[in-house]
Amino acid sequence: MTYSFDEIIPRRHTASSKWDTLQKRFGRDDILPLWVADMDFLSPPEVQQALMERVKHGVYGYAIRPDSLYESIQNWFAKRHQVHYQQDWILPSRGVVHGLAMGIRAWTEPGDGIVIQPPVYYPFQFVIERQGRKLLENPLIEHQGKYTMDFDHLRSLFSKERPKWLILCNPHNPVGRVWSKDELLTLAKLCDEYDVHVLADEIHCDFVYKPHQHLPMLNVYEPFIHRLAICIAPSKTFNLAGMYTAFIVIPDENLRQRYSIVLEEAFVQDADIFGPIACEAAYRHGASWLDELLIYLQENYRFMEGFFQRELPSLKISPLEGTYLTWVDFRETHLSDDELQKWLVDQARVGLNAGSMFGTGGAGFQRMNIGTPRPLLAEALVQLKEAWPPV
């Protein structure tokens with residue numbers, strides 16, 4: 001391989017949220033953090049070079065997002081995902097969660113219903129409830145580790161509650177599903193029938209493993225595009241989460257104008273100086289780096305799956321179709337969530353995300369980030385084995 005993903009980059013004492021908050025978050029700092037969706041790999045060298053060149057300039061005044069940035073986004077998604085985003089459809093956001101919050105504020109009123117599909121990325125619930133909207137749940141169906149959408153329940157929910165929006169996570173965090181064309185088409189037609197808009201979080205769209213393929217929501221059902229907004233970002237793909245560079249794609253002019261007004265009212269439409277530079281460099285030059293990373297991550301998953309099968313057969317992993325976040329089933333331990341978390345931290349000395357964070361259906365699970373050098377992943381797995389069984 002051209003890139004050394006096995007290299008361990010020391011991250012302690014770098015003001016890293018992942019590595020420097022362990023005492024505060026878990027009660028001790030001598031654990032391996034495999035929790036937040038932040039990879040432990042160097043970003044592509046072209047990104048590092050572009051940032052260093054800008055730093056050398058020495059003047060860091062107010063910045064803009066140049067047309068070349070939008071061209072890089074359009075070219076990436078056209079080539080990588082065969083989806084065509086017009087430049088005026090692409091609006092800025094500080095991050096995907098920020099985009100979700102601004103969108104909810106722009107397009108709904110207090111008391112309006114918004115549907116999520118738990119267990120799902122926990123900020124969805126937070127931004128809905130904190131803005132006084134009504135949280136509605138359409139829990140996923142789990143069968144032997146594989147998750148599917150419950151369309152019968154969703155139709156009943158739409159009919160009874162008449163929600164305004166549904167937040168879709170694709171690829172799904174944390175269960176690792178990449179929704180199929182049939183699933184997405186059924187969802188789009190059902191939403192169209194009941195006048196429900198979809199806010200699609202596609203931040204993990206570049207992390208999809210063969211034979212699966214990401215289908216952008218924009219390409220699912222042409223009549224539906226005026227009920228649609230899509231959150232995208234280079235932050236997960238190229239490990240740029242600290243740059244806070246994200247975008248929300250809004251094809252419908254009315255929805256776009258309403259979103260723009262909310263951004264202007266909050267005075268958050270300006271660009272930071274380094275994010276656009278990193279984003280453009282990544283989208284223009286990061287394809288080969290990502291191709292190799294995908295191979296490495298899939299090998300990490302297979303390594304972990306094989307380890308569990310041999311050494312810890314009581315633990316099961318949901319099939320990883322997309323993302324670099326594994327969904328591990330600890331239910332055979334028969335521990336409560338608090339007991340399981342205490343054992344993981346104090347005995348196994350690993351820091352994971354408790355499944356209960358992700359809402360309905362999450363109890364007894366843990367989310368484990370495998371976006372880390374294999375030697376660190378192996379160390380964490382050995383620690384789990386040596387601490388087994390949980391008591």
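Distance alone, capped at 3.5 Å, places no donor-acceptor pair between the Asp29 side chain and the Gln23 backbone. Between the Gln117 side chain and the Pro139 main chain, no donor and acceptor come within less than 3.5 Å of each other. Judged by distance alone, with hydrogens and angles left aside, the side-chain atoms of Glu202 form a donor-acceptor pair with the main-chain N or O of Met217 at under 3.5 Å. Formation of a donor-acceptor pair under 3.5 Å by the Tyr209 side chain with backbone atoms of Thr323 is found in this model. Arg310 places a side-chain N or O within donor-acceptor distance of the main-chain N or O of Gly306, the cut-off being under 3.5 Å. Although no hydrogens or angles enter the test, the distance criterion places no donor-acceptor pair under 3.5 Å between the side chain of Gln86 and the main chain of Trp89. The main-chain N or O of Arg155 is never found under 3.5 Å from a side-chain atom of Ser159 such that the two would form a donor-acceptor pair.
Taken together through direct or relayed side-chain contacts under 4.5 Å among Ile, Leu, Val, Met, Phe, Trp and Tyr, Phe365 and Trp35 form parts of separate hydrophobic clusters. In the hydrophobic clustering of ILVMFWY residues, with side-chain heavy atoms under 4.5 Å counting as a link, Val178 and Ile370 come out apart. Note: the hydrophobic cluster containing Val97 also contains Ile104 (ILVMFWY, side chain heavy atoms under 4.5 Å, direct or indirect links). Side-chain heavy atoms closer than 4.5 Å link hydrophobic residues (I, L, V, M, F, W, Y) into clusters, and following such links, possibly through other members, connects Phe126 to Trp165.
Counting non-hydrogen atoms of other residues, nucleotides and ligands closer than 6.0 Å to OH of Tyr244 gives a total of 12 or fewer. For Arg54, the CZ atom sits in a packed shell: over 12 heavy atoms of surrounding residues, nucleotides or ligands are nearer than 6.0 Å. Heavy atoms of other residues, nucleotides or ligands lying less than 6.0 angstrom from CD of Glu129 number more than 12. For Tyr60, the OH atom is densely surrounded, since the number of other residues' heavy atoms within 6.0 Å is greater than 12. Within 6.0 Å of NZ on Lys342 lie no more than 12 heavy atoms contributed by other residues, nucleotides or ligands. The number of heavy atoms from other shown groups lying within 6.0 Å of CD (Gln87) is above 12.
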Hey, mind stepping through Asp206 and Lys236 against salt bridge (Lys or Arg N to Asp or Glu O under 4.0 Å) and telling me if it holds?
-> CA-CA 9 Å; Asp206 291 313; Lys236 304 302 181 189; over 6 Å; no
Stepwise, does the salt bridge (Lys or Arg N to Asp or Glu O under 4.0 Å) test hold for Arg133 with Asp112?
-> CA-CA 5 Å; Arg133 276 57 173 175; Asp112 285 348; 5.8 Å; no
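Taken to the nearest 0.5 Å, the CE atom of Met368 stands 9.5 Å off from the CG atom of Leu344. Within the model, atoms CD1 of Ile248 and SG of Cys231 stand 4.0 Å from one another, a figure rounded to the nearest 0.5 Å. Put simply, OH on Tyr301 and CD1 on Ile317 are 5.5 Å apart, with the number rounded to the nearest 0.5 Å. Once rounded to the nearest 0.5 Å, the distance linking CD of Glu161 with CG of Leu136 reads 5.0 Å.
Residues Phe26 and Trp19 keep their aromatic ring centres 6.0 Å or farther apart. Taking the centre of each ring, Tyr3 and Phe41 stay at or above the 6.0 Å mark.
We find that Lys210 and Glu321 are not joined by a salt bridge, their nearest charged nitrogen and carboxylate oxygen being 4.0 Å or further apart.
With Phe5 as the aromatic partner, Arg374 does not meet the cation-pi criteria of under 6.0 angstrom to the ring centre and within 45 degrees of the ring axis.
For the residue pair Tyr147 / Trp327, a side-chain donor-acceptor distance below 3.5 Å is found, with atom types taken as modelled. Glu292 and Thr2 share a side-chain donor-acceptor pair at under 3.5 Å.
Aromatic ring orientation, His214 versus His81: perpendicular (interplanar angle above 60°, classes split at 30° and 60°). Taking the six-membered ring where the residue is Trp, Phe77 and Tyr85 present tilted rings, their angle falling between 30° and 60°.
With sequence neighbours excluded, the residues that form a salt bridge (charged side-chain N to carboxylate O under 4.0 Å, His left out) with Arg28 are Asp30, Asp346.
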